[in-house]
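Written below as structure tokens is the structure these notes are about.
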Amino acid sequence: MMNERVSRTSTARPDAGALLAWYDRHHRDLPWRVSPPMAKQGVLPDPYHIWLSEVMLQQTTVQAVKAYFDKFVRRWPTVNDLAAAPVEDVMAAWAGLGYYARARNLKKCADAVASDHGGIFPDTEDGLRALPGVGDYTSAAIAAIAFNRPSAVMDANVERVISRLYAIDAPLPGAKPQMKARVAEMTPADRPGDFAQAMMDLGATTCTPKRPSCVLCPFREACVALLADDPERFPVKAPKKAKPVRQGAVFVAVSSKGRMLLRRRPDKGLLGGMTEVPTTDWTARIDGASGSDAAPFAADWQPKGTVIHVFTHFELRLSVYLAVDIAETDDRGWWAPLETLADQALPTVMKKAIEAAIPHVFRVPKG
DNA sequence: GAGCCGTGGTA
DNA sequence: TTACCAAGGCT
């Protein structure tokens with residue numbers, strides 16, 4: 001034919017079938033997932049497992065989530081078990097995973113499902129979207145994966161795949177609606193749950209941010225960014241702001257009975273509802289060390305160096321002080337035996353500070 | 001819409 | 001080392 005108007009300015013249409021075939025061969029085996037052969041026989045996963053994993057996976061890597069998912073399911077096998085648990089236990093179990101509002105909302109959501117829905121998760125996107133901690137992405141993901149509904153599921157992986165497939169120049173997050181419309185038109189009525197998981201697996205393992213493995217991609221003949229030989233240019237994002245530096249001091253007090261003074265942070269805000277050692281406010285950096293004059297009480301505070309911890313929107317430099325053989329008179333918190341520190345709801349920054357004051361204290365054996 | 005909200009892995 | 005990024009939601 002004479003239809004040689006350039007080799008191929010137009011590309012093949014993205015084929016959901018090709019992606020599903022790729023998924024059948026290259027899917028990841030994950031603890032909460034039903035494998036493709038089972039899924040094709042109509043086996044659906046436990047909605048509780050999918051909900052729990054999806055909340056844990058928000059802005060968090062699969063690698064980090066696996067151990068926490070196993071721990072939660074072992075300890076609370078059903079959503080009713082989680083609803084019956086004290087929120088303090090849930091926060092302590094979540095400690096280290098970050099974004100602690102997720103843990104508070106996880107508990108609220110479990111309570112709502114147990115109380116208002118008889119322990120049964122809603123099976124529609126709108127019904128799920130009304131639950132605490134379940135937003136646009138998570139409601140669509142649960143509806144698709146746990147209930148096989150044809151929801152348009154779009155996370156950061158899918159955004160990357162779609163932005164490259166169509167070479168979308170508009171920057172995120174403004175381009176989200178445009179991208180989601182593309183996802184919706186691609187989502188098949190058959191196997192929508194596997195399709196959603198396939199898109200995310202593809203983004204995580206093949207259509208990676210750097211050096212994507214385009215030669216292995218089921219969309220390689222349709223991808224406009226690859227045709228232009230520059231997949232790494234997408235997705236386009238707004239530039240990020242520099243992180244300011246804040247500083248403060250923390251005070252690790254150990255009593256003559258071998259217990260450490262701990263407190264509970266306010267429910268709202270940074271590390272909300274989590275456990276801390278007494279600390280100053282974390283303020284914009286000032287010249288000169290903050291010193292031990294801001295300690296919760298007078299004692300022989302010994303400087304134990306500085307801990308640097310990077311949060312999402314600022315870097316924190318904490319001066320660590322230690323005092324020992326203290327009388328347990330401070331009642332603005334509780335005195336915890338050192339061998340129980342591992343059971344406390346201590347976020348990572350606090351564990352780092354405590355470890356700086358007392359090396360290896362988290363390995364003090366019980367009994 | 002934009003800022004807030006953790007942590008650990010990777011290049 | 002620095003920078004980027006991860007199955008986002010809430011206000």
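We use all heavy atoms of the structure for the numbers below, so side chains are in, but hydrogens, waters and symmetry mates are not. So you know, we letter chains A, B, ... as the sequences are listed, proteins then strands, and number each from 1.
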**Q.** Nucleotide-resolved protein contact map, nucleotides 3-11 of chain C, B/S/- at heavy-atom distance under 4.0 Å
**A.** --SBBBSS-
Touch class at under 4.0 angstrom, heavy-atom based, for [X] against every strand present:
| X | result |
| --- | --- |
| A:Pro173 | nothing |
| A:Leu271 | sugar-phosphate |
| A:Val349 | sugar-phosphate |

Q. Hey, does A:Asp24 have a side-chain heavy atom less than 4.5 Å from the side chain of A:Lys40?
A.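 Touching, per the 4.5 Å side-chain cut-off.
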**Q.** Note, A:Lys210 side chain near A:Thr208 side chain (heavy atom, < 4.5 Å)
**A.**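 No; the side chains remain at least 4.5 Å from each other.
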Q.
Taking only the P atom of each, what is the distance from C:dA7 to B:dC4 in whole angstrom?
A. 24 Å
Q) Which value, in whole Å, describes the distance between the C1' atoms of nucleotides B:dG1 and C:dG9? A) 14 Å
Q.
Out of the candidates A:Asp194, A:Ile50, A:Val43, only one should pair with A:Val34 under the side chain to side chain contact (heavy atoms under 4.5 Å, CB included) rule; please name it.
A. A:Val43
Q) Taking atom types as modelled and ignoring hydrogens, do the side chains of A:Tyr137 and A:Glu54 form a donor-acceptor contact shorter than 3.5 angstrom? A) yes
(Q) Looking only at side-chain N and O atoms, does A:Arg33 offer a donor or acceptor that is under 3.5 Å from a partner on A:Gln197? (A)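 Present: a donor and an acceptor within the cut-off.
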Q. Does a nitrogen or oxygen in the side chain of A:His313 sit under 4.0 Å from OP1 or OP2 of B:dC5?
A.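 Answer yes for this pair, as a side-chain N or O of A:His313 is under 4.0 Å from OP1 or OP2.
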Q. Looking at A:His309, does any N or O in its side chain come under 4.0 Å of the phosphate oxygens OP1/OP2 on B:dT7?
A.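 A:His309 to B:dT7 OP1/OP2: side-chain N or O found under 4.0 Å.
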Q) For the rings on A:His309 and A:Phe311, is their centre-to-centre separation under 6.0 Å? A) yes
Q: Would you kindly compare A:Arg211 and A:Leu270 by the position of their nearest DNA chain B nucleotide and give the one closer to the 5′ end?
A: A:Leu270
Which whole-number value in Å describes the distance from [X] [atom1] to [N] [atom2]?
| X | N | atom1 | atom2 | value |
| --- | --- | --- | --- | --- |
| A:Lys241 | B:dC5 | NZ | P | 14 Å |
| A:Met350 | B:dT7 | CE | C1' | 15 Å |
| A:Tyr100 | B:dG6 | OH | P | 7 Å |

